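Numbers here are sequence positions counted from 1. Keep in mind the model is a prediction, meaning the values are calculated, not measured.
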Amino acid sequence: MELDEKKYLYLLILLPLLVVVFLYNLYWKRKKQREFGSVEMVQKLSPDSSSFKSVLKLIVIVLAFASLILGLVNPKIGTKMETVKREGIDIVFAVDVSKSMLAEDIAPSRLEKSKQIVSQIINQLGSDRIGIVAYAGSAFPVLPITSDYGVAKMFLQSMNTDIVSSQGTSLDEAIKLSATYFDEKSKTSKLMIMISDGEDHSEGAESAAEEANKIGMKIITIGVGTEKGGTIPLRRNGVIESYKRDKDNQIVITKLNPESLKSIAKATNGNYVNGANTKEVLEFVKNTLDKIQKTEFEATEMAEYQSQFQWFLAIGFLLLLVDVFLLERKTSWVKKLNLFNEK
């Protein structure tokens, strides 16, 4: 599904405002009734007044406006899958989600900076297929190889330090899992882009990279953080409560370790770049991609998207018409339901 005019989604903010206005109006009416006399006396003077019908009218109006707004957004549904030929390479992004990536020595944080970098790289890709891996003490497959960049960005933004339960940083696990994303028999060029602060709590990252090189996998590494380092804030509801401490109760200072990332890249004839300057990273990745041989492959994707706005507009106008004929006084079927204990 595609949304043709996403900007109109902001109009959905009006719906809770309608509910607030309704509740205020209900409060105002009750207040005036009390000024006039007792509530019981007012109910006797207007026996056909129905609270349920007022609520029902509100529900109908809210649904009507929601349908009209969705009509303006114009959802489009793909009606046909087709196989197209594209030329590119397969890329796996391996993003470090260990607790050290919460450090804010790189604004807004190492993890958020990493996600920004990956998102910008995806923006400049053409016909390449991409996958995403998250890793800390172990590696986790976030998204398999796909040509749907929109879905990739959605999964990317949802990544956080809780996505992988085991803590630490195992660069070798990230390399091994990323290697499984590629078909060894395929002639399509294979590239892994590893984003990390380089703090490796395991052994064997370089040997894992050498094994990956044997299947034709190239690795470029992007270092995020500063060599001066920073503390790791622990937040609750967005507020810093404390900072991560070690077993001696000392505040942990996490630092960028570019040497481990450089050795990984070197093992596959790749290169390392510091991620502090996003523009430089994008230029670095672009130059690398230009030097990699592109391969033609087939990809299945949705085609022939059809607009669905007419259905939502029809429902919206129909509900508005229903609201016109929906009176606030009691009717026989409402009296039988007696949902609000109305007598």
Got a salt bridge between R129 and D148, using NZ or NE/NH1/NH2 to carboxylate O under 4.0 Å? no

Review point. Quick one: do F65 and L17 end up in the same hydrophobic cluster if we chain Ile, Leu, Val, Met, Phe, Trp and Tyr together by side-chain heavy atoms under 4.5 Å apart?
Key: yes

key: Side-chain donor-acceptor contact under 3.5 Å, N74 with S307   = yes

Separation between CD1 (I89) and CZ (F182), nearest 0.5 Å, reads 8.5 Å

>> Atom NZ of residue position K294 - does it have more than 12 heavy atoms of other residues, nucleotides or ligands inside 6.0 Å?
In response: yes

When every non-hydrogen atom of L18 is compared with those of L58, the smallest separation belongs to O-CD1, 4.1 Å

Donor-acceptor under 3.5 Å (N287 side chain, E283 main chain): yes

Sub-4.5 Å side-chain heavy-atom contact between I163 and V142: yes

What one should report as the nearest heavy-atom pair of A134 and V164 is O-CG2, 4.1 Å

_Whether the side chain of T288 engages the backbone of F284 through a donor-acceptor N/O pair (distance < 3.5 Å, no angle test) should be reported._
yes

- Query: So if you build clusters from Ile, Leu, Val, Met, Phe, Trp, Tyr with side-chain heavy-atom gaps below 4.5 Å, do F22 and I69 land together?
  - Reply: yes

Polar side chain donor-acceptor pair, T278 to K113, under 3.5 angstrom
yes

Minimal heavy-atom distance between V281 and G275, with the atoms involved, is CG2-CA, 3.6 Å

Check: Are the side chain of T268 and the backbone N or O of A209 linked by a donor-acceptor pair below 3.5 Å?
Finding: no

Rounding to 0.5 Å, atoms CG (L319) and CD1 (I59) come to a distance of 11.5 Å

Worksheet item: Can you check whether I232's main-chain N or O pairs, donor with acceptor, with K244's side chain at less than 3.5 Å?
Response: no

Quiz item: Does a side-chain heavy-atom distance below 4.5 Å link Y24 with V19?
Solution: no

- Query: Just wondering, do Y149 and L125 contact through their side chains at under 4.5 Å, heavy atoms?
  - Reply: yes

Of all heavy-atom pairs linking P108 and E112, the shortest is CG-CB, 3.5 Å

message: Do M194 and S178 make a side-chain contact, defined as non-hydrogen atoms from C-beta onward lying under 4.5 Å apart?
response: no

Test side-chain contact (heavy atoms from CB on, under 4.5 Å) on I132 and M159; report intermediate values, then the result. CA-CA 10 Å; I132 301 175; M159 292 172 64; 3.8 Å; yes

CD1 (I220) and CD1 (I193) are apart, to the nearest 0.5 Å, by 4.0 Å

So CG of D172 and CG of L177: to nearest 0.5 Å the spacing works out to 11.5 Å

- Between S98 (side chain) and A136 (backbone), is there a donor-acceptor pair under 3.5 Å? no

Crowding at CG, D248 (>12 non-hydrogen neighbours, <6.0 Å): yes

Exercise for review: Please tell me if the side chains of L191 and M217 come closer than 4.5 Å, counting only heavy atoms from C-beta onward.
Suggested key: no

Test of understanding: clusters of I, L, V, M, F, W, Y form through side-chain heavy atoms closer than 4.5 Å, transitively. Do L15 and I315 belong to the same one?
yes

I'd like to know if K286 pairs up with E280 as an ion pair, taking the criterion as any Lys NZ or Arg NE/NH1/NH2 lying under 4.0 Å from an Asp or Glu carboxylate oxygen.
no

Contact between I130 and I145 at the side-chain level, heavy atoms closer than 4.5 Å - yes or no? no

Please check this pair: side chain of Y181 against backbone of L143, looking for a donor-acceptor N/O pair closer than 3.5 Å.
yes

**Message:** Is the shortest side-chain heavy-atom distance between L313 and S67 below 4.5 Å?
**Reply:** no

Should V95 and S114 count as side-chain neighbours, where that means a heavy-atom distance under 4.5 Å? yes

Judged by atom type as modelled, is there a donor-acceptor pair below 3.5 Å linking the side chain of S170 to the main-chain atoms of G137?
yes

Rounded to the nearest 0.5 angstrom, the CD1-CD1 distance for I219 and I264 is 6.5 Å

Item to check | Between R110 and S196: side-chain donor-acceptor atoms closer than 3.5 Å | outcome: no

Check your understanding: Can K255 and E227 be counted as an ion pair, charged N to O under 4.0 angstrom?
Key -> no

Check your understanding: Should we say atom CZ of R235 is surrounded by more than 12 heavy atoms from elsewhere, each under 6.0 Å from it?
Key -> yes

- Query: Do T226 and D105 get their side chains close enough for a donor-acceptor pair, meaning under 3.5 Å?
  - Reply: yes

Might you work through the side-chain contact (heavy atoms from CB on, under 4.5 Å) test for V224 and L256, ending with a clear yes or no?
CA-CA 7 Å; V224 181; L256 172 66; 5.9 Å; no

Worksheet item: Should the heavy atoms of other residues, nucleotides or ligands under 6.0 Å from NZ of K153 be counted, would the total exceed 12?
Response: yes

**Report entry** Side-chain (T231) to main-chain (I253) donor-acceptor, under 3.5 angstrom
**Finding:** no

Is the number of heavy atoms from other residues, nucleotides or ligands under 6.0 Å of Q293 CD greater than 12? no

Taking every heavy atom of S260 against every heavy atom of G198, the minimum-distance pair comes out as OG-O, 2.7 Å

Note: G88 and T188 closest approach over all heavy atoms is O-CG2, 4.0 Å

- Item | Any donor-acceptor pair under 3.5 Å from K218 side chain to N269 backbone | yes

With clusters defined by side-chain heavy atoms of hydrophobic residues (ILVMFWY) lying less than 4.5 Å apart, directly or transitively, does L12 cluster with F309?
no

Connected via hydrophobic side-chain network under 4.5 Å: L318 and L320: no

Q.
Using side-chain contact (heavy atoms from CB on, under 4.5 Å), reason through L171 and Y135 one step at a time and then give a plain yes or no.
A. CA-CA 8 Å; L171 301 178; Y135 65 95; 3.5 Å; yes

Value for CG (L261) from CG (D96), rounded to nearest 0.5 Å, stands at 9.0 Å

Donor-acceptor pair, side chain of Q124 and main chain of L282, under 3.5 angstrom = yes

Before you tell me yes or no, could you show the steps for F93 and I122 under side-chain contact (heavy atoms from CB on, under 4.5 Å), namely the whole-Å CA-CA distance, both residues' side-chain angles and the distance that decides it to 0.1 Å?
CA-CA 10 Å; F93 293 96; I122 292 174; 4.0 Å; yes

